[in-house]
Amino acid sequence: MELIQIISMLTLLELLWLCRGAYGQDGSWQTAHATFYGGSDASGTMGGACGYGNLYSQGYGTNTAALSTALFNHGLSCGSCYQMKCNNDPQWCLPGTVTVTATNFCPPNNALPNDNGGWCNLPLQHFDMAEPAFQKIAIYKGGIVPILYRRVPCLRKGGIRFTMNGHSYFNLVLITNVAGAGDVHAVSIKGSGSGWQAMSRNWGQNWQSNSYLNGQSLSFQVTTSDGKTTVSYNVAPSDWQFSQSFEGSQF
């Protein structure tokens with residue numbers, strides 16, 4: 001009986017350790033600040049340093065944010081999700097929470113002090129939110145507000161999407177609509193006539209392979225920051241063309 005109890009306790013501790021490690025932190029609230037950009041329809045948030053392009057058609061909508069250097073992780077944080085709420089500012093805070101996806105980079109402005117315009121300077125943790133998302137937790141006139149935030153799993157409809165860009169010998173694949181941890185940290189590609197090959201991250205969530213893969217059906221292996229991996233076999237048929245998108249498996 002004691003041995004069973006010890007095993008059960010070890011299993012519980014292992015599960016707790018995994019939960020703490022998932023999504024990069026233990027789920028506890030952390031302090032930061034938030035501003036907003038992009039206009040009332042968030043049209044100014046399109047494009048961005050993650051490479052997602054049209055955030056409407058990609059399914060991210062207006063619940064998005066640009067991350068400061070301290071959070072952006074050189075683009076590896078693209079696609080991660082954060083729940084946030086306004087924190088202890090009765091004049092500007094609204095009740096409730098909002099969950100946003102990291103889709104852009106908020107660059108530092110070292111010409112301005114950290115507490116007066118240089119909101120995204122190191123070492124500050126800052127979210128420049130799409131205006132509609134900001135207004136779910138704070139009043140527009142507040143401008144900048146203190147917040148609490150935490151990493152949460154991303155919820156997505158459908159499978160991971162792979163958009164083929166580039167040209168022969170330069171396959172640039174944009175990876176979007178990733179559930180779970182959301183932020184992709186490793187990708188491999190396999191043609192029907194070749195073996196698995198690791199891809200390198202070009203920028204944002206654009207991953208590249210310099211192999212000639214024309215005329216082959218393509219499979220992808222995607223690993224997120226929590227170490228989980230999913231494989232989409234033959235997601236692109238052998239007659240795939242550049243600029244096409246294909247939907248694969250999901251976390």
Chemist: Measure from the side-chain N and O atoms of Q244 to the backbone N and O of Q241, and report whether any donor-acceptor pair falls under 3.5 Å.
Modeler: yes
Chemist: Are the side chain of N63 and the backbone N or O of V98 linked by a donor-acceptor pair below 3.5 Å?
Modeler: no
Chemist: If we ignore hydrogens and angles and just use 3.5 Å, is the side chain of S217 paired with the main-chain N or O of A236 as donor and acceptor?
Modeler: no
Chemist: Below 4.0 angstrom, N of the basic side chain to O of the carboxylate: do R151 and D226 qualify?
Modeler: no
Chemist: Test of understanding: clusters of I, L, V, M, F, W, Y form through side-chain heavy atoms closer than 4.5 Å, transitively. Do L218 and W207 belong to the same one?
Modeler: yes
Chemist: So, do R156 and V178 sit near enough that their side-chain heavy atoms are less than 4.5 Å apart?
Modeler: no
Chemist: Would you say the ring centers of F246 and F162 fall short of 6.0 Å from each other?
Modeler: no
Chemist: Please round to the nearest 0.5 Å and tell me the distance separating atom OG of S209 and atom CD1 of I189.
Modeler: 5.5 Å
Chemist: Look at the side chain of S238 and the backbone N and O of G215, then say whether any donor-acceptor pair between them is shorter than 3.5 Å.
Modeler: no
Chemist: Quick one: pull up OG in S188 and CD in Q221 and give me the separation to the nearest 0.5 Å.
Modeler: 5.0 Å
Chemist: With a 4.5 Å limit on heavy-atom distance, are the side chains of I147 and F127 in contact?
Modeler: yes
Chemist: Looking at every heavy atom in both G51 and N206, which two are closest together, and how far apart are they?
Modeler: CA-ND2, 3.9 Å
Chemist: Contact between F251 and I160 at the side-chain level, heavy atoms closer than 4.5 Å - yes or no?
Modeler: yes
Chemist: So which atom in C120 and which in P107 form the shortest heavy-atom distance, rounded to 0.1 Å?
Modeler: CB-O, 3.5 Å
Chemist: Mind checking the OG1-CD spacing from T64 to Q58? Nearest 0.5 Å is all I need.
Modeler: 12.5 Å
Chemist: Which heavy-atom pair separates L71 from S77 by the least distance, and what is that distance?
Modeler: O-OG, 2.7 Å
Chemist: Under the criterion side chain to side chain contact (heavy atoms under 4.5 Å, CB included), I'd like the reasoning laid out for S194 against Q216: C-alpha separation, chi angles, the key distance, then a yes or no.
Modeler: CA-CA 9 Å; S194 58; Q216 301 181 56; 3.5 Å; yes
Chemist: Kindly say whether S249 contributes a backbone atom to a donor-acceptor pair with the side chain of S232 at under 3.5 angstrom?
Modeler: yes
Chemist: Could you tell me which non-hydrogen atom of T163 sits nearest to which non-hydrogen atom of S245, and how far apart they are?
Modeler: OG1-OG, 2.6 Å
Chemist: Looking at every heavy atom in both H185 and L76, which two are closest together, and how far apart are they?
Modeler: NE2-O, 3.4 Å
Chemist: In Å, rounded to the nearest 0.5 Å, how long is the span from CG of L174 to CD of Q208?
Modeler: 13.5 Å
Chemist: Please report the C-alpha distance between R161 and I175 in whole Å, then the side-chain angles of each, then the deciding distance to 0.1 Å, and finally whether the side chain to side chain contact (heavy atoms under 4.5 Å, CB included) criterion is met.
Modeler: CA-CA 6 Å; R161 285 195 292 271; I175 300 179; over 6 Å; no
Chemist: Under 6.0 Å between ring centres, would you say that holds for Y140 and F36?
Modeler: yes
Chemist: Measure the CG-OG distance between N234 and S192 for me, rounded to the nearest 0.5 Å.
Modeler: 7.0 Å
Chemist: With a 4.5 Å cut-off on side-chain heavy-atom distances among I, L, V, M, F, W and Y, is there a chain of contacts connecting M164 to M199?
Modeler: yes
Chemist: Between S80 and C154, what is the shortest heavy-atom contact and its length?
Modeler: C-SG, 3.9 Å
Chemist: Do the side chains of N121 and N110 get nearer than 4.5 Å, heavy atoms only?
Modeler: yes
Chemist: Would you kindly confirm whether W92 and I137 end up in one hydrophobic cluster when ILVMFWY residues are joined by side chain heavy atoms under 4.5 Å apart?
Modeler: yes
Chemist: Judged by atom type as modelled, is there a donor-acceptor pair below 3.5 Å linking the side chain of N109 to the main-chain atoms of A111?
Modeler: yes
Chemist: Heavy-atom distance under 4.5 Å between the side chains of M84 and M129, does that happen here?
Modeler: yes
Chemist: Is the side chain of Q205 donor-acceptor paired with the backbone N or O of G79 at a distance under 3.5 Å, no angle test?
Modeler: no
Chemist: Answer yes if Y60 and Y56 sit in the same cluster of Ile, Leu, Val, Met, Phe, Trp and Tyr residues linked by side chain heavy atoms under 4.5 Å apart, and no otherwise.
Modeler: yes
Chemist: Count I, L, V, M, F, W, Y as connected when their side-chain heavy atoms are under 4.5 Å apart, and connections chain through other members. Are L94 and I144 then in the same cluster?
Modeler: no
Chemist: Could you tell me which residues satisfy side-chain hydrogen bond (donor to acceptor under 3.5 Å, both in side chains) with Y37, sequence neighbours excluded, listed by chain and number?
Modeler: N104
Chemist: Can you say whether the rings of F242 and W240 are parallel (under 30°), tilted (30 to 60°) or perpendicular (over 60°)?
Modeler: perpendicular
Chemist: What's the verdict on side chain to side chain contact (heavy atoms under 4.5 Å, CB included) for V145 and F134, showing C-alpha distance, side-chain angles and the deciding distance?
Modeler: CA-CA 10 Å; V145 295; F134 179 89; 3.8 Å; yes
Chemist: Could you walk me through whether E131 and S40 satisfy the side-chain hydrogen bond (donor to acceptor under 3.5 Å, both in side chains) test, starting with their C-alpha distance in whole Å, then the side-chain angles of each, then the deciding distance to 0.1 Å, before giving a yes or no?
Modeler: CA-CA 6 Å; E131 184 178 323; S40 59; 5.1 Å; no
Chemist: Nearest 0.5 Å, please: how far is CG in N202 from CG in N171?
Modeler: 12.0 Å
Chemist: If you define the side chain from C-beta out and look only at heavy atoms, does anything of V100 sit under 4.5 Å from Y149?
Modeler: no
Chemist: State, with a plain yes or no, whether a side-chain heavy atom of F105 is found less than 4.5 Å away from one of L67.
Modeler: no
Chemist: Are any non-hydrogen side-chain atoms of N210 and F170 less than 4.5 angstrom apart?
Modeler: yes
Chemist: Y169 and L213: side chain to side chain contact (heavy atoms under 4.5 Å, CB included), yes or no, with the steps?
Modeler: CA-CA 8 Å; Y169 296 104; L213 297 170; over 6 Å; no
